[in-house]
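Numbers restart at 1 for each chain; the letters A, B, ... are given by sequence-line order, proteins then strands.
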Amino acid sequence: MSEEYKSKNFIEEIIEEDISNGKHEGRIHTRFPPEPNGYLHIGHTKAICINFETAQKYGGKTNLRFDDTNPVTEETEYVEAIKRDINWLGFQWEGEALYASDYFDQLYSYAVKLIKEGKAYIDESSAEEMADMKGTPTQPGKNSPYRDRSVEENLRLFEEMKDGKHPDGRMVLRAKIDMAAPNMLLRDPVIYRIKHAEHHRTGDKWCIYPMYDFAHGQSDSIENITHSLCSLEFMHHRPLYNWLIENLEIFPSRQIEFARMNVSYMITSKRRLLKLVTEGYVTGWDDPRMSTLSGLRRRGYLPQSLRRFCNIVGVAKRDNLIELELLESVIRDDLNEVATRVMVVLDPIKVIITNYPEGQQEILSTANNPKYEDKGTHNMTFSREIYIERDDFMIDPPKKYFRLAPEKNVRLKGAYIITAHDYKTDDNGRVTEVHCNYYPESKSGQDTSGIKAKGVLHWVDVNSALDVELRLYDRLFTDPTPDGHEDVDYLDFYNKDSLQVVSKAKAEQFLKDVGDTESLQFMRKGYFIKDRESNDDKLVFNRTITLKDSWAKMQKKK
RNA sequence: UAUCCUGUAGUGUAAGGGUAGCACACGAGUCUUUGAUUCUCGUAGUAUAGGUUCGAUUCCUAUUGGGAUAACCA
């Protein structure tokens with residue numbers, strides 16, 4: 001499970017070239033710049049891993065900087081959630097968390113500098129007028145009538161903006177670049193706007209706020225970021241990013257874009273994720289079906305699995321849709337290594353071992369992880385009555401069914417071999433109990449019976465069975481690209497069966513004392529983790545993922 | 001009808017002027033006191049057409065497919 005890079009990605013190639021050219025004395029400094037207006041999701045994981053791991057690989061540093069330039073949408077609550085998620089993933093940023101808002105004074109003076117050099121002006125056009133004059137991607141724009149104001153007037157108006165003498169939307173500061181540029185972002189982009197709003201950190205100190213393009217790149221420069229790694233959607237911003245660096249004469253950070261990661265059956269739009277929460281499709285941001293990091297964590301995903309997943313997926317510039325199966329394969333692979341094995345019967349039927357003495361009970365030992373002896377063992381009780389899974393018994397089994405059936409042998413995992421010789425049904429023909437004989441000399445580990453049993457079943461002793469609640473999760477959507485259809489709303493693909501609650505599963509006592517973050521494998525059933533809603537009266541477990549089930553697959557094919 | 005980015009098995013990603021590799025998925029076996037895990041084998045790929053070259057998936061040209069861009073969002 002090594003974290004090796006199988007080869008260099010294009011970003012690493014650029015960086016190694018920079019290093020060999022002695023650029024920035026070989027110093028590497030990246031940053032992860034979330035906007036604190038939502039929770040981190042699976043898509044962010046890639047940006048986090050790339051920024052942190054690339055720096056790590058070259059002995060560099062990574063800043064965490066909140067891009068908090070829009071006070072209307074941003075909240076401190078998100079800041080804390082984001083920090084927690086990044087730490088959970090296993091990364092630590094350099095020093096304290098930083099904020100674009102820390103640089104508002106500096107940014108203001110940058111703007112003044114541009115104005116003084118005749119490279120920015122106050123535009124009093126309305127938003128509609130500005131949009132009209134902007135042109136379209138195929139048609140050049142027109143100059144604003146305010147474009148050629150004097151430096152003095154611009155300076156005065158900008159100060160008035162800052163001093164709160166104008167209402168929201170009355171005027172903006174624009175960079176003076178080129179209204180005919182093929183790149184729309186170079187058509188005199190707005191760099192400052194008026195917002196009389198309380199900022200989560202600067203309070204009411206400011207009523208003007210810089211736009212993304214006048215904050216992000218400048219923050220990179222202020223922090224001496226050498227490589228600013230972001231997703232492809234910012235590619236069109238790069239010329240502006242560079243224009244500002246040149247004209248402000250500040251540290252030349254370099255922006256490099258990579259393709260964001262898309263995972264099938266998952267969505268990463270903050271707006272759509274929020275809607276799932278507010279309209280009750282899920283129970284919250286950390287609902288285990290959510291693609292948020294907090295959801296995945298609650299679901300039982302391991303941080304190292306997410307990191308490894310991102311490394312396997314790789315870094316490139318083409319659009320991609322990663323199959324969910326790959327993520328699932330990675331998580332299964334990791335969980336298989338670390339999960340403690342326990343037995344839980346989801347849909348119990350009672351088995352009575354008729355030749356086992358009434359009132360007798362024995363203690364059997366079972367491995368916590370058969371692959372690793374040093375993971376130890378734990379005990380479970382065995383007696384005359386046990387539960388097995390309903391679908392592990394069939395009156396009239398198909399071919400190749402090697403579980404329990406009349407006159408068939410089966411091994412009870414870690415216990416004895418039994419043979420069914422009778423069963424009872426209710427009025428509907430539903431099996432209510434199965435009667436078996438056991439072979440005393442077939443005890444697990446000291447089997448001298450010579451009997452062969454192809455099937456092995458998990459079971460729980462009726463006497464000591466613990467009732468637990470299980471939440472079985474499946475993908476949230478029934479379509480691989482729920483938000484990729486123009487004619488169908490993503491909510492139409494909501495999977496109504498994405499949560500199935502088993503309220504009274506039968507579990508061995510071991511689960512009573514299991515830790516909150518201990519990965520578990522319910523044998524033959526899947527990987528689980530204790531849910532935070534567990535308490536002294538009720539234990540709740542979330543299914544992270546099922547085990548592969550080639551029997552079910554075989555049945556399906558028929 | 002502008003500009004930019006991008007086309008390698010089903011998916012993702014390598015290599016790179018000289019044998020197209022890896023992972024997942026899929027299929028067939030194997031092992032197994034979890035129908036899990038393990039192990040083995042298999043199916044399957046350089047968008048198209050020209051050009052340069054002894055040799056092109058790689059370099060060049062054209063065509064073609066996909067994506068992005070017109071918020072006082074980030």
[X] near the nucleic acid: base, sugar-phosphate alone, or nothing, with a heavy-atom cut-off under 4.0 Å?
X      : result
A:F309 : nothing
A:G141 : nothing
A:E323 : base
A:P370 : base
A:K454 : base
A:S444 : base
A:V315 : sugar-phosphate
A:E328 : nothing
A:F402 : base
A:L326 : sugar-phosphate

How many whole angstroms separate atom [atom1] of [X] from atom [atom2] of [N]?
X      : N     : atom1 : atom2 : answer
A:M554 : B:G29 : CE    : C1'   : 14 Å
A:Y265 : B:U11 : OH    : P     : 14 Å
A:R238 : B:U3  : CZ    : P     : 17 Å
A:R411 : B:U32 : CZ    : C1'   : 13 Å
A:N242 : B:C4  : CG    : C1'   : 14 Å
A:R403 : B:U34 : CZ    : P     : 13 Å
A:L321 : B:C24 : CG    : P     : 18 Å
A:L412 : B:U34 : CG    : P     : 13 Å

Nucleic acid footprint by protein, nucleotides 68-74 of chain B - heavy-atom cut-off 4.0 Å, B for base, S for sugar-phosphate alone:
BSB-BSB
Go ahead and name the base partner of [N]; Watson-Crick or wobble counts if both distances stay under 3.5 Å, otherwise write none.
N     : answer
B:C22 : B:G12
B:U3  : B:A68
B:U34 : none
B:C73 : none
B:U63 : B:A47
B:C39 : B:G29

For [N] versus [M], give the span between their [atom1] atoms, rounded off to a whole number of Å.
N     : M     : atom1 : value
B:U37 : B:U43 : C1'   : 24 Å
B:A70 : B:U1  : C1'   : 15 Å
B:A71 : B:G65 : P     : 27 Å
B:U46 : B:U11 : P     : 12 Å
B:A14 : B:U64 : C1'   : 25 Å
B:U57 : B:G45 : C1'   : 10 Å
B:C5  : B:A44 : C1'   : 29 Å
B:A23 : B:U8  : C1'   : 15 Å

Does [N] have OP1 or OP2 sitting under 4.0 Å from an N or O in the side chain of [X]?
X      : N     : result
A:K317 : B:G7  : no
A:K8   : B:A14 : no
A:R318 : B:A14 : yes

Given that A:E13 and A:G455 both sit by RNA chain B, which one's nearest nucleotide is further toward the 5' end?
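Its nearest nucleotide being more 5', the pick is A:E13.
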Considering heavy-atom distances to RNA chain B, does A:L327 or A:T138 have its closest nucleotide positioned more toward the 5' end?
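Nearest nucleotide further toward 5': that of A:T138.
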Tell me if the side-chain of A:R341 makes a donor-acceptor pair with the base of B:U34, cut-off 3.5 Å, by modelled atom types.
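Indeed, a donor on one side and an acceptor on the other fall under 3.5 Å apart.
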Between the base of B:G35 and the side chain of A:R524, is there any donor-acceptor pair under 3.5 Å?
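Donor-acceptor pair under 3.5 Å: no.
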Applying the salt bridge (charged side-chain N to carboxylate O under 4.0 Å, His left out) criterion to A:D392, which one of A:R411, A:K525, A:R524 satisfies it?
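Exactly one candidate clears the test, A:R524.
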Sole residue of A:D333, A:D334, A:T544 in side-chain hydrogen bond (donor to acceptor under 3.5 Å, both in side chains) with A:S305:
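With A:S305 as partner, side-chain hydrogen bond (donor to acceptor under 3.5 Å, both in side chains) holds for just one option, A:D334.
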Please tell me whether A:Y241 and A:D220 have a donor and an acceptor in their side chains that are separated by less than 3.5 angstrom.
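Looking only at side-chain atoms, A:D220 and A:Y241 do form a donor-acceptor pair, the distance falling under 3.5 Å.
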To the side chain of A:K413, which of B:U33, B:G12, B:U37 is closest?
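Nearest listed nucleotide: B:U33.
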Which residue is it: A:W206, A:F104, A:Y99? I am looking for the one with a ring pair (Phe, Tyr, Trp, His ring centres under 6.0 Å) to A:H199.
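Checked A:W206, A:F104, A:Y99 against A:H199; only one passes ring pair (Phe, Tyr, Trp, His ring centres under 6.0 Å): A:F104.
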When you measure from the centre of the six-membered ring of A:Y265, is the NZ or CZ of A:R475 under 6.0 Å away and within 45° of the axis?
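Here A:R475 passes the 6.0 Å and 45° test against A:Y265.
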Looking at A:F402, does the NZ or CZ of A:K454 lie under 6.0 angstrom from its six-membered ring centre and within 45 degrees of the ring axis?
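Judged by the rule, A:K454 and A:F402 form a cation-pi pair.
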Classify the ring geometry of A:Y78 against A:Y39: parallel below 30°, tilted from 30° to 60°, perpendicular beyond 60°.
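Correct class here is perpendicular.
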Do the ring planes of A:F214 and A:Y110 sit parallel (below 30°), tilted (30 to 60°) or perpendicular (above 60°)?
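The rings of A:F214 and A:Y110 stand perpendicular, inter-plane angle above 60°.
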Residues, nucleotides or ligands: over 12 heavy atoms within 6.0 Å of A:K408 NZ:
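Not buried by this count: 12 neighbours or fewer within 6.0 Å.
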Any chance you could lay out the side-chain hydrogen bond (donor to acceptor under 3.5 Å, both in side chains) test for A:K452 and A:N409, step after step, and finish with the verdict?
CA-CA 8 Å; A:K452 290 238 183 330; A:N409 288 335; over 6 Å; no
Could you check, using the six-membered ring where one of them is a Trp, whether A:Y108 and A:Y103 have ring centers closer than 6.0 angstrom?
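A:Y108 vs A:Y103: aromatic centres not under 6.0 Å.
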